[in-house]
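Heads up: the structure comes next, in structure tokens.
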Protein chains: 2
Amino acid sequence: MFSQAMQDYLKAIYKLQEQGGAVSTSALAEAMGVAAASATGMVKKLAGLKLVRHHPYQGVVLSKAGEKMALEVIRHHRLLELYLAEALGYSWDKVHEEAERLEHVISEEFEEKIFEALGRPTRDPHGDPIPAKDGTLVVAEHDRLSDLEPGATGVIRQVSDSDAEVLRYLGIRGLVPDAAVEVLEKAPFNGPLTVKTGETSHVLGREVASHIRVEARAADDA
Amino acid sequence: MFSQAMQDYLKAIYKLQEQGGAVSTSALAEAMGVAAASATGMVKKLAGLKLVRHHPYQGVVLSKAGEKMALEVIRHHRLLELYLAEALGYSWDKVHEEAERLEHVISEEFEEKIFEALGRPTRDPHGDPIPAKDGTLVVAEHDRLSDLEPGATGVIRQVSDSDAEVLRYLGIRGLVPDAAVEVLEKAPFNGPLTVKTGETSHVLGREVASHIRVEARAADDA
DNA sequence: AGATTTGTTTAGGCAGTCCTAAAATAGCCG
DNA sequence: CGGCTATTTTAGGACTGCCTAAACAAATCT
Ligand SMILES: [Mn+2]
Ligand SMILES: [Mn+2]
Ligand SMILES: [Mn+2]
Ligand SMILES: [Mn+2]
């Protein structure tokens, strides 16, 4: 239907929009790894197809139809990630890359089959929500682990899947969705956090800790 | 590495070569569903990459490297077909189409994972041999069911996967690889065959019967 | 053999996606 | 406000894979 390139642009626009309104050409180009001129070109094409609204020099926003398309691709991506991890034993740092290519070629039947095989899941291995078939997506904004203060406790809900290195690092340490965590220490001047999971504690740099989203438990037992 | 188009051309050349030496431009174009000029163009490109040898006006032949590439793609295709059927419950008439797209995007790791999950299989759902990782392929030429004479018995070894309609038709009737068959009758003038599988007998047109390859048992009990 | 038919290649184009370089615009700062 | 700078768009090209039409080569028929 729509080309792989178009699907990837729509997905990128969706994700950039999540973190703040209209998407600039340069942000889109950066995310897609192309020159700014290329992004402009594609945006104009998508606008012609009514998948986005483009106000020149002001950025681009998905239309209802464009958002539907983007969520369809994201659904494929996240279902695939989970399937690769659960059914084929992929480690969670490798699923993203493989899903990135598969997402564009699987049929609706394939999507349906793995959805059922996985027991109609709602979250991918990184804790990201899987859009429903009708284009519904439950967004839950959680705090960055790096923003919590010492003494705070909570449960990991999401880990950014953008960096495979980081995922491997965190996976080994059990810092995965549904793990309970407690912030023991937080060094000043953007210093590292000391975090406890289970019986072990780990020292994490701010950068790494910002990849982890935590549902904080109210600190009412302090 | 190589584009999807190149992979499909190599695969098509491989299959055409199987049924008789050098491949003509028109046969290749026909198989690929493109104009003859397009096939010539791609052949010249593949020749430049030393994947085929092209003698203008005389046809094209895969080089050793080209054959390796073709077998790699065919291995992907057949493993995927089997995986879709076994692990995801696809019916055998739908696996081909899905595998046709997936074959180009799965990683070597994916290939390895489904190969192991399937117990290192050697045949796809249609009975076609799966090339080994090193590019080895065991070819076994079997008789067409349509060429057997009344009284002949044997075991179905392969069913051509080129026509989904035919596959559905045969699947319902239990005419699948490993099924034992006996030719009861064969009407003259290219008429239909009457074939027995298990307790039921079926009347099959020549065309359909030619899609079935049978390992004949010597007719020594006639 | 010469002529015709058939198959193949070359020539010239088009669409999609990307690029670099140049032009246009917006936002900021003195 | 007017000019500078950073961002964005336009212009012009490259490259892939496809197309049609025309030129060419081989095979076939008389
Ligand atoms: Mn992608
Ligand atoms: Mn993910
Ligand atoms: Mn293919
Ligand atoms: Mn097959």
Side-chain angles (χ1 to χ4, degrees), chain A residues 1-14 16-17 19-62 65-66 69-70 73 100-101 103-105, chain B residues 1-17 19-62 66 69-70 73 100-101 103-105:
Chain A
M1 197 54 150
F2 296 113
S3 73
Q4 172 160 336
M6 286 164 63
Q7 291 181 11
D8 278 335
Y9 273 96
L10 290 170
K11 197 170 58 152
I13 294 168
Y14 181 92
L16 291 167
Q17 233 177 268
Q19 11 169 16
V23 175
S24 73
T25 298
S26 49
L28 181 56
E30 154 95 44
M32 291 295 300
V34 299
S38 306
T40 300
M42 180 57 86
V43 162
K44 291 184 75 174
K45 178 196 278 192
L46 294 175
L49 293 165
K50 305 282 185 214
L51 294 170
V52 302
R53 273 186 302 281
H54 183 216
H55 296 288
Y57 294 99
Q58 304 297 309
V60 67
V61 186
L62 290 177
M69 272 296 312
V73 179
E100 196 60 41
R101 282 171 283 114
E103 65 188 5
H104 306 290
V105 304
Chain B
M1 197 55 151
F2 295 113
S3 72
Q4 171 160 336
M6 286 164 64
Q7 290 181 11
D8 279 335
Y9 273 95
L10 289 170
K11 199 171 58 151
I13 294 167
Y14 181 91
K15 290 189 172 178
L16 290 166
Q17 235 178 267
Q19 12 171 13
V23 175
S24 72
T25 298
S26 49
L28 181 57
E30 153 96 45
M32 290 298 298
V34 299
S38 305
T40 300
M42 180 57 85
V43 162
K44 291 184 77 174
K45 178 196 278 194
L46 294 174
L49 294 165
K50 304 283 185 213
L51 294 170
V52 302
R53 274 186 302 280
H54 183 215
H55 296 288
Y57 294 99
Q58 305 297 308
V60 66
V61 186
L62 291 176
M69 274 294 313
V73 179
E100 196 61 40
R101 281 171 284 114
E103 65 188 5
H104 307 289
V105 304

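Naming: A, B, ... by sequence-line order, numbering from 1 per chain. Since we're looking at a predicted model, the values are computed, not measured.
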* To do: Indicate yes or no: at least one non-hydrogen side-chain atom of E100(B) is less than 4.5 angstrom from one of D8(B).
  =>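 Yes. Closest side-chain heavy atoms under 4.5 Å.
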
* Is there side-chain contact between M6(A) and L49(A), with at least one heavy-atom pair below 4.5 Å? ->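 The answer is yes, as the side chains (C-beta and beyond) meet within the 4.5 Å cut-off.
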
Distance test, side-chain N/O of [X] to OP1/OP2 of [N], below 4.0 Å:
X	N	answer
H54(B)	dT8(C)	no
K44(B)	dT10(C)	yes
Y9(A)	dC18(C)	yes

Calculate the interatomic distance between [X] atom [atom1] and [N] atom [atom2]; express it in whole Å.
X	N	atom1	atom2	value
Y57(B)	dG7(C)	OH	P	14 Å
L46(B)	dT16(D)	CG	P	12 Å
L49(B)	dT16(D)	CG	C1'	13 Å
E30(B)	dT8(C)	CD	P	12 Å
L28(A)	dT9(D)	CG	P	10 Å
D8(A)	dG16(C)	CG	P	17 Å
Q4(B)	dT17(C)	CD	C1'	16 Å
K45(A)	dT10(D)	NZ	C1'	17 Å

* **Crowding at NZ, K50(B) (>12 non-hydrogen neighbours, <6.0 Å)** =>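 Check fails, neighbour count at 12 or below.
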
Counting the atoms with a prime plus P, OP1 and OP2 as sugar-phosphate, which does [X] contact under 4.0 Å by heavy atoms, base, sugar-phosphate, or nothing?
X	result
A39(B)	nothing
S26(B)	sugar-phosphate
H55(A)	nothing
T25(B)	sugar-phosphate
S38(A)	base

Measure from the side-chain heavy atoms of [X] and tell me the nearest of [options].
X	options	value
V34(B)	dG16(C), dT9(C), dC19(D)	dC19(D)
T40(B)	dT10(D), dC19(C), dT9(C)	dT9(C)
A37(B)	dT17(C), dA21(D), dT8(D)	dA21(D)

* Residue mapping more 5' on DNA chain C - nearest nucleotide basis, G59(B) or S3(A) ->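 So the residue in question is G59(B).
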
* Asked: More 5' along DNA chain C: Q58(B) or A5(A), using each one's nearest nucleotide?
  ->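 So the residue in question is Q58(B).
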
* Calculate, to the nearest 0.5 Å, the distance between atoms CD and CD belonging to E103(B) and Q7(B) respectively. =>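 The distance works out to 7.5 Å.
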
* Asked: Between atom CG of L10(A) and atom CZ of F2(A), what is the distance when rounded to the nearest 0.5 Å?
  ->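 Rounded to the nearest 0.5 Å, the CG-CZ separation comes out at 8.0 Å.
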
* Ignoring hydrogens and geometry, is there a side-chain-to-backbone donor-acceptor pair from Q17(B) to L62(B) under 3.5 Å? ->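 A pair under 3.5 Å: yes.
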
